[in-house]
Structure formats: structure tokens, C-alpha cells
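Each remark here refers to the structure printed beneath this line.
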Amino acid sequence: MLSNKYNASEAEPRIQKFWQDNGVYKYDPKSKKPTFSIDTPPPTVNGHIHLGHISSYTQSEFVARYKRMSGYNVFYPFGFDDNGLPTELYVEKTHGVKAYEVGREKFRQLCYDTVQELEEEFKEIFIATGNSADWDLMYHTVSLDSQRISQTSFVDLYNKNKLYCALAPALWCTKCRTSIAQSELETKESESCFNYLRFYLDGEDNFVEIATTRPELLCACDCVLINPKDEKNKHLLNKKIRIPLYNFTVPVLTDDKVEMDKGSGVVMCCTFGDQTDALWFKKYNLEYKQAIDDGGRMTELAGKYAGLKVKEARAKVIEDLIANGHMIRQENITHQVSVHERCGTEMEINLKRQWFIKTLDCKEQWKKLGNEINWHPTFMKARYDDWVENLSMDWCISRQKYFGVPIPVWYCKKCGTPIVADEKDLPVNPLVDAPKKVCKCGCTEYEPEIDILDTWATSSVTPQINCKWKVDDETFKKLYPMSLRPNAHDIIRTWDFYTIVKGFYHNNARPWDNLMIMGFLMADKGQKVSKSKNNSKHSTLDFIKNYTADVVRYWTTSSGLGRDIMLNEDTFKNGAKVVNKLYNAGKFIWQFLEGYKPVKTDLLPMDKWIIAKYNKMFENFTKNFDKYEFSLAMNELETFFWNFCDNYIEIAKNRLWKPEVYGEKAKQSAQYTSYIVFYNMLKLFGIFLPHVSEEIYQNTFKENEKFISIHSTTIGKIEEAYNPTIIADGDLVVNDIVGRVRQFKSENKISLKTEIEDITVTNNNLDFIKACEEDIKAVMSIHKINYKTGEFDIAIGKVVEEN
RNA sequence: GGGAGUUUAGCUCAGUUGGUAGAGUACCUGCCUUACAAGCAGAGGGUCAUAGGUUCGAGUCCUAUAACUCCCACCA
């Protein structure tokens, strides 16, 4: 029996506890059902969960529920990405410290403590939204288990020659003081200026004009270059070029990459102004001149500018260039500069020993694997292809940071050769552990690697972590490739791409069959809501408690797959209406079903009609859901539900109330139909609104159906034989007969229950209408129906005058 | 510079294989109908971004264009 009013605030936590206590969402490794495995994104622990997470996690959670109720044994873990730079930056910000000032061990401890607190909060919030993850499958990327798999990945790649250590130019963030990868860059518009400078021909009065946006790097100039086909500048070949302000000379080289018609066609190469400089550095074996230190200040090489920050130095250098007559002209420009996505600092390049995973020589393979995966929505694959196409650097995975997975390497003190740990000894921390082998050169002294792995180097093995790679072969075989990876579109080039790379190198297979790409929650001004920017206006948990979990979940169905979503008051109001209506409908029909056990009887036409409508809706529902279009599936369901209430129940209630008038058989037909249709519909609602659906089920159908939870049931069609025109026939009755009478009453401003003496229905085929006569009369309070043969028409008779 | 998405009612969005423009919401008019007034019924409201083209017929297919959002690249 359902109570009179649904109190969601009371019910939701109680129901969540019920699911937890009864293991409703537990993955059963022994089950014979087909497996559906989800590579849940482990949220980065670097701030507070906001409604953007709630929306994207809930959207993918719909799929877990859909598959679970479609007969799959769903493997739906939850994890936390709780190591790496994002966490370090959060800790630095919230504690007002700098990692390198605090010291490695103390800072690591601070990070551990912080993530533990945050993870409790994360978990509480996800549970409060009714997330159906199996919390027993929880993993943390910072745990020793994850570290072992991450290091195993490292060692495996090293053994397969897909990983190398090199003193090579790498992208560098001077604020975070670490190398970063190409995928961690974003572009920012920046005001700058082209400086057209005089570079002097050594020993001559002549000069050549060279434009640069980075004159502070003059001190690091290695050479100037022209295109080999450049006739205009051919005379420069074999000459020395004298650098303004610094007065040293550099040679002139030629390279195809130099564009003749850009500026004067002469370009300077510094170590390093941009990625092209890095390329020339390697190609021509140039001298490394470090002008900028790790923290973004000019080095001694810059002479009088040493110690200044890059931008300060630039301003001073420009001043001096003008004062000394080296400046020809300046041109203000706005251009896109590459910045570190985490802090917005303009990217530099520097030279250190770094570890790289080879990504450049397998582009075709990456594309091929991309094609093997089903992308939902399909157009999102273009972003992946674009990214792969334009990869320009191998993936640098070493980070000069503290809180992360250690790189399992030592270096020989004598010859510098890396000593990579053996797989069987993992996990190791080279700062604590000693290598178990000696260098090939025979030297027994070593130095530990102090760098750690990029956080993506670990999160890119979540399928291997989840599927127990090299831990439990049987489980791995069963779960890998995983069925689904859901994530937002910003991490296609990082998380998705890197996971594909690892999947190929380690397991020679795609990591998943399907990718589901979600949009963002947008704050004002078209800005995405983000943890690190902390621009969410709401306390997430309060927000959920205030609106209730089901209503918040309803809101997340309002955007199409891959589309950005906005906070919209109306959607919440609408969600509350749906929850309320569902509960009321359940309460109402249960009045007639208490103690009832569904027995299949001969069904009346309108009962067959609503069953056929349900089945049709179910077809569309699954068609959309199979494409991960949860929003369209919900639309189908909602439309059906309203039709069920406003048309079917209105018809059925007369028979349910008054069997003495309409007959016991008519009542039984309505009982059976409302039971079977509502029950099946309720299961579908359970995917989106799991709490209210459970509350209804527990107090109604459970007694007869015996499943512990509505979420343990299976969705499906309703078995019923009906002729193919049943939907059109029933729609005619509802829309064109009942509808027209309703219109008549409304236009005449009379109550819907006002009685009508008679109506005359004209139609070519009257069989179906005649079979529904009692229903039509009852629902519209009509005394008599007259029939005529011909084109469809309806004439409404007199209103019965009240006494 | 290359690419993707979007453009349909005041607002939020559906619209399958081309066949008379749909829903919710808001607004308006009614109705206390033995579940729900957080409800029910009804009405008005659209040059389907623009311009061409294919077709008997285009919101839908093709070609341009525009605006907004995003991705990538270039950044001497």
C-alpha cells in the first residue's frame, strides 16, 4: 500500500541504503548472463564535484541500468584518479604552499590526506544521486595495486621498445615546473607584437630583416634559416649573421620548412622559441642554449636580463633594441598561444632527460583502432581523427613532480644507462628500493629516478586495472575489451587516445567496443563549469537534496548525447511533476490491484490498444537506447506515460469502479492491463527515476513479483495478440471521438462530466468503434451512440439539462 | 587555414526511408472529473537561418552563404 504522498527527501536515502544492503547492483563474476562492462571515468580528485559531473555520470549510469535490466551482468566499477598534477595543484592552492618548498615526503602526505577527504565527499554525492555503481569494485589510481599495473605497463612498453628515455626537447610549464604533453596544451588568445629586427651580415654594412615575437630569445639564437629555393636570400649562404644586442654570430642554414613569402623569408632559430626550433635543433644537431630556467626566469645567458621573467625581459630587450637602432618596425598582433591547460601559463620548451612513449610512428594503427570502436554520437570521432592526424610529438610521460606513480627506474652512476625494474618486482619506489640487478657495464652504484609518471600514464590503463590484467587471466579474458567507455568530449585526445595506445601495445586490441561522449554543463558566458575553476554556483549535495535525486536525474535526460547542458529551472519543475504523477498513478491503480494476481483474460479493444502502444513505445525506446540516446528514449517513455494516464486510465477507471454497470469481465480486463502495462512502464522509469520507481514497486508489485528490487527485474515487451490496425483504431477513438467531445465541452465551457444525450459517429468501418461503445460512452458521459456508414465524421447531440 | 556541431512556435527541444509542420513550457479560455489543481480539457502562436538546385513534391537530399559553439593547425 502506498502512502498518500511521496516524500522523496525521506525516501531517497532510505532506498539508497536498501540497495546497498541488498547488493542490488553487485556484479556477479559467476553469472551466466552476458557481461556488459563499463570503464567508468575515475574523477580527478582536484576539487569539489559539481553538477556537470552529476549530469555526465548520471547519463552514462542510465546505460548501466538499461543494460542491467536488459539481461546483462553489468560490471560497473567506480574509481578515483587521485594522483598527479591536478591533485598537486589543488593541494598547493588550498594549503597555500608550493610542493618544492614543502619537500617531497611532507607534500605527498598532504596530498594523501586531502584526496581521502575529497573522495569521501565524492562518494557521498554519487550515492546521493542514486548511482548504481558496484562500490565493491572501487579502485584508486594512487593505490599500490594501480601503481603496480601502471609500472607493469611502463616495463612492458620498455621491453617492447615502445618507450624510450632521451635528452630531448619537451614542452615545459614554468609555473608547474614540469614537462607536459602535447595533449595538455590549450590555446589562448594573446596580445603580442612582431618585431622586425636588423640582423647584421658579419663584416659588412648590410643587414637582413628578421621578424620575431620573442626577441628575449636572441641570446639563445643558434642559426638563421632560409628556404633552399629562395633566390632572393641566396646571397646569405655561407655568411655569418651577427645577432643584435649580443654581438655573436651564427651560421645560415637552409630548410624546406622555411616559407619564402613569410616576412623577409629569413627566420631565426633559438633553443627554444617554438616546436619548429626543437625540430631544427634535433635535425641539425644544434647547440642547446638555455635562455629560460625551470621557473620561467632568464638565465645568465641573457646577460643583463638574467633573473627577469620572460615577459619583463622581452619588454626590456625591445626597449634596448629600439634605443640601439636595431628595430626596423613593430606590428601589434593578436595570436593564439599554447598554454598549459591546468594553469594557463604560456608553454616553453626545455631540454631534460625525459621518458617518451612512441605515438608518432603508429598513426595508421590509431586510426584503425578508432574505426573499430563505435562512437556515440558518431561525429565525435572527427575529434579523435583530427588529433591523431596532427600528433607532432611522442607522449612525454615523465613529470618532475611528487605525488604520483614512481617511474620504476634507476640510472647507472658510471654510464648513465637506465636500469628498469623487472615486472615481478613491481611495484617499486626507486627512492626507497634498490635495483635488483646491476648495470651491464658492471657498475653497482646507481641513482634513483626522482620523476613520476604523468597521471594519464596511469589512468590510461583503467581497462587493465578493471579487468585484472596480469592479475587474473580468466577475468581479463572475460572483461577485455570492455563494452563501454563513457566520458566528456574534452578528454578524447587524452584519456581515450592514450587508453587506445596502451590497449594496442599491451593487448593488441581496442580497449572497448563503444565510446559514449557526453557534453558539458555550461555556466554563464558560455563557460564550462569546472572543478579547478570552481565556478559552480551551487553546493552539489545541497542542490541534490533540495531538488531530490530523481528530479536532478530527470534534468540530465534533457540534453541530447554529446550536447552541452544548461541549468534550467523549468526542467526541474517538470521533473518534479513527472515524479509526482508517476507516484499518483501508481497509487490510483493499486486501489484496484491490491491482492490481485494477473490472470490473462480476453481483453477489451482499448486494453489491447494500450498494450500495443506500450510495445510500440518499447521498440522505439530500445532503438534509441541502443544508440545511447537516453534523452530520446525518455521522451518516448514520458509521452507514453501521459497518454496512459490521460486516455487509458480515464477509460479504464469506469470499468474498475463500476463492475456492476460494465461487467466483471470488463473490470478484469482493465485490471490485467493496468497491472501489466504500469508494471512494465515502471521498470523503464526505474532507469531514470530509480527512487520513486522503487518506492512504488516495494509497496505494490513486489508482493506478487517477488524480485528484491525493481532494479532486479527485466524490461521487455508485453505478450499479446492483436491485429495490425489496433493502434490506428484506438487512436481514432481517443483522438477523434473522445477528443472531439472534449473539444465540444471545452468550447461550450462545460465540465467534462456533463452528460450528453447522444452522438452520431460516421465511419466506413464501425466494428472497432462499436466494440468500444461502452468505454466511449462512459468516459465522455454520453447516453447513446448512433452510427452511420461513410467518411469519418462526428455529430454531437444535446447536453442533458441538469435539474 | 582545415574540420565538426547547431540554426524549427516567446523559451527548451523532437521531427526515422522526401509526402498536409510536432511536443513540453509560457501565454489565453475553461473545468474542483470518486489518483494527481504539482491536475484535466481546449485555443492561439512557425517564410523550418538565407539564397539557389534536384524532385510531381524538400524541415528532410545537393551546392553556396551567414550567425553561434567547439575541435585542430598556424603562430618568422
Side-chain angles (χ1 to χ4, degrees), chain A residues 2 4-6 186-187 190 192 194-197 209-214 224-226 257-259 261-270 273-277 333-338 377-392 489-490 492-493 519-520 522 526 528 558-560 562-566 568-571 573-592 620 623-624 631-632 635-636 638-639 642 645-646 649-650 653-654 656-658 738-754 779 781:
Chain A
L2 286 163
N4 195 41
K5 225 170 154 56
Y6 177 56
E186 63 184 26
T187 50
S190 165
S192 182
F194 272 134
N195 302 281
Y196 293 83
L197 305 179
E209 178 187 297
I210 297 180
T212 179
T213 55
R214 302 206 61 182
V224 302
L225 297 103
I226 61 170
K257 255 187 106 78
V258 181
E259 290 177 42
D261 45 6
K262 222 169 192 178
S264 59
V266 187
V267 58
M268 71 163 180
C269 172
C270 311
D274 63 21
Q275 287 189 49
T276 318
D277 290 347
I333 52 160
T334 319
H335 67 163
Q336 303 283 320
V337 293
S338 293
T378 48
F379 66 79
M380 281 294 179
K381 184 167 161 290
R383 296 197 182 194
Y384 174 83
D385 289 336
D386 252 9
W387 177 251
V388 169
E389 183 69 39
N390 290 300
L391 273 174
S392 61
H489 54 64
D490 57 332
I492 291 173
R493 66 183 191 173
F520 286 142
M522 303 306 285
K528 80 161 178 164
S558 68
S559 93
R563 305 278 194 84
D564 294 340
I565 189 171
M566 302 272 279
N568 183 345
E569 283 291 317
D570 287 349
T571 312
K573 263 163 70 181
N574 217 32
K577 272 168 58 176
V578 175
V579 170
N580 183 53
K581 182 110 178 156
L582 188 62
Y583 189 83
N584 276 314
K587 195 177 69 184
F588 178 68
I589 64 160
W590 203 252
Q591 289 179 75
F592 311 103
N620 293 333
K623 200 173 80 189
N624 283 314
S631 153
L632 299 178
N635 275 343
E636 287 284 336
E638 231 183 304
T639 304
W642 243 263
C645 290
D646 297 340
I649 291 186
E650 285 304 314
K653 72 204 243 183
N654 297 295
L656 291 166
W657 277 121
K658 298 174 186 163
V738 174
R740 287 278 285 279
V741 179
R742 280 173 174 161
Q743 185 183 19
F744 170 84
K745 291 186 177 178
S746 197
E747 280 169 357
N748 289 284
K749 302 188 178 180
I750 53 178
S751 162
L752 285 174
K753 67 172 188 182
T754 306
V779 77
S781 306

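Chain identifiers are assigned alphabetically (A, B, ...) following the order of the sequence lines, protein sequences preceding nucleic acid strands; residue numbering begins at 1 within each chain.
- Side chain A:Lys573 to base B:U25: no donor-acceptor pair is found below 3.5 Å.
- You'll find the side chain of A:Lys581 reaches within 4.5 Å of the side chain of A:Cys645, heavy atoms only.
- Within the 4.0 Å cut-off from OP1 or OP2 of B:U29, not a single side-chain nitrogen or oxygen of A:Ser746 is found.
- Between the C1' atom of B:G15 and the CG atom of A:Asn624 lies a distance of 12 Å, rounded to the nearest Å.
- Phosphate proximity of B:U33 to A:Lys753: present, with a side-chain N or O under 4.0 Å from OP1 or OP2.
- Of the listed nucleotides (B:C72, B:G42, B:A76), B:C72 has the atom at the smallest distance from the side chain of A:Asn390.
- Taking the C1' atom of each, B:C13 and B:G46 are spaced 14 Å apart, rounded to whole Å.
- Among the atoms of the strands shown, only primed sugar atoms or phosphate atoms (P, OP1, OP2) are found under 4.0 Å from some heavy atom of A:Asn574.
- Taking 4.0 angstrom as the limit, A:Trp642 places none of its side-chain polar atoms (N or O) nearer than this to OP1 or OP2 of B:A23.
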Item to check | Test log, rule side-chain contact (heavy atoms from CB on, under 4.5 Å), inputs A:Ile649 and A:Ile589 | outcome: CA-CA 8 Å; A:Ile649 291 186; A:Ile589 64 160; 3.9 Å; yes

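- For B:A35, the OP1/OP2 oxygens have a side-chain nitrogen or oxygen of A:Lys653 closer than 4.0 Å.
- Nucleotides B:U63 and B:C72 place their C1' atoms 25 Å apart, quoted to the nearest Å.
- Of the two residues contacting RNA chain B, namely A:Asp646 and A:Met268, the nearest-nucleotide position lying further toward the 5' end is that of A:Asp646.
- Under the Watson-Crick or G-U wobble criterion, with both distances below 3.5 Å, B:U65 is paired with B:A49.
- Below the 3.5 angstrom threshold, one finds a donor paired with an acceptor across the side chain of A:Asp386 and the base of B:G2.
- Base pairing of B:C40: its partner is B:G30, meeting the Watson-Crick or G-U wobble criterion (both donor-acceptor distances under 3.5 Å).
- Closest heavy-atom contact between A:Glu636 and A:Asn624: CG-ND2, 4.1 Å.
- One can place CG of A:Leu632 at 11 Å from P of B:U16, the figure rounded to the nearest angstrom.
- The separation of B:A43 from B:C28, taken at their C1' atoms, amounts to 8 Å, rounded to a whole angstrom.
- In this structure, A:Glu389 reaches neither bases nor backbone, as no heavy-atom distance under 4.0 Å exists between it and the strands shown.
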Next on the checklist: Walk me through whether A:Asp646 and A:Arg742 qualify under salt bridge (Lys or Arg N to Asp or Glu O under 4.0 Å).
Outcome noted: CA-CA 12 Å; A:Asp646 297 340; A:Arg742 280 173 174 161; over 6 Å; no

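- Nucleic acid contact for A:Lys257: base, since at least one base atom lies under 4.0 Å from a heavy atom of the residue.
- Closest to the A:Glu259 side chain, of the nucleotides B:A35, B:A76, B:A38, is B:A76.
- In this structure, A:Lys581 reaches the bases: a heavy-atom distance under 4.0 Å links it to at least one base atom across the strands shown.
- If you take CG of A:Asp570 and P of B:C11, they are 13 Å apart, rounded to a whole angstrom.
- Here B:U12 is the nucleotide among B:A41, B:C31, B:U12 with the atom lying nearest to any side-chain atom of A:Asn568.
- Contact annotation for A:Ala211: backbone-only contact, meaning every heavy-atom pair under 4.0 Å involves sugar-phosphate atoms and none involves a base.
- At least one side-chain nitrogen or oxygen of A:Trp657 sits closer than 4.0 Å to the OP1 or OP2 atom of B:A35.
- A:Glu650 comes within contact range of at least one nucleobase, with a heavy-atom separation under 4.0 Å.
- Below the 3.5 angstrom threshold, one finds no donor paired with an acceptor across the side chain of A:Thr187 and the base of B:C72.
- Not one side-chain nitrogen or oxygen of A:Lys577 sits closer than 4.0 Å to the OP1 or OP2 atom of B:G24.
- Note on A:Leu752: a base of the nucleic acid sits closer than 4.0 angstrom, heavy atoms only.
- Atom-to-atom, CG of A:Asn584 to C1' of B:A35 comes out at 5 Å; the value is rounded to the nearest Å.
- A distance of about 30 Å separates the C1' atoms of B:A66 and B:U25, rounded to the whole Å.
- Residue A:Ser338 is classed as a base contact, given a heavy-atom separation below 4.0 Å to a base.
- Using a 4.5 Å heavy-atom cutoff, the side chains of A:Val388 and A:Asp385 are not in contact.
- Remark: the separation of the P atoms in B:G44 and B:U8 is 22 Å, to the nearest Å.
- Nucleic acid contact for A:Lys623: base, since at least one base atom lies under 4.0 Å from a heavy atom of the residue.
- Residue A:Val258 is in base contact, counting any heavy-atom pair closer than 4.0 Å across all strands shown.
- Between A:Asp274 atom CG and B:C74 atom P there is a gap of 9 Å when expressed in whole angstrom units.
- In this structure, A:Asn748 reaches neither bases nor backbone, as no heavy-atom distance under 4.0 Å exists between it and the strands shown.
- Nucleotide B:A58 forms no Watson-Crick or G-U wobble pair with any nucleotide shown, as no partner meets the under 3.5 Å limit on both distances.
- Side-chain atoms of A:Glu186 and A:Ser338 include no donor-acceptor pair closer than 3.5 Å.
- The listed nucleotides are B:G15, B:A35, B:C40; the one nearest the side chain of A:Lys587 is B:A35.
- Judged by distance alone, the side chain of A:Asn748 and the main-chain N or O of A:Ile750 form no donor-acceptor pair under 3.5 Å.
- For the pair A:Arg563 and B:A14, the criterion of a side-chain N or O lying under 4.0 Å from OP1 or OP2 is met.
- Rounded to a whole Å, the NZ atom of A:Lys749 is 13 Å from the P atom of B:C32.
- Counting only heavy atoms from C-beta on, A:Arg383 has its side chain closest to B:C70 among B:A35, B:A76, B:C70.
- When both pairing distances are held under 3.5 Å, B:A9 makes no Watson-Crick or G-U pair with any nucleotide shown.
- Taking for each of A:Ile333 and A:Gly560 the nucleotide of RNA chain B with the nearest heavy atom, the 5'-most of the two is the partner of A:Gly560.
- In summary, the side chains of A:Asn580 and A:Lys5 do not present any donor paired with an acceptor at a separation below 3.5 Å, with no hydrogens or angles considered.
- The shortest distance between the side-chain N/O atoms of A:Gln743 and the OP1/OP2 oxygens of B:A41 is not below 4.0 Å.
- Nucleic acid contact for A:Asn635: none, since no nucleic acid atom lies under 4.0 Å from a heavy atom of the residue.
- Side chains of A:Val266 and A:Leu225 form no contact here, defined as non-hydrogen atoms less than 4.5 Å apart.
- Between the CE atom of A:Met380 and the P atom of B:U6 there is a distance of 10 Å, rounded to whole Å.
- Rounded to whole Å, atom P of B:A41 lies 5 Å from atom CZ of A:Arg742.
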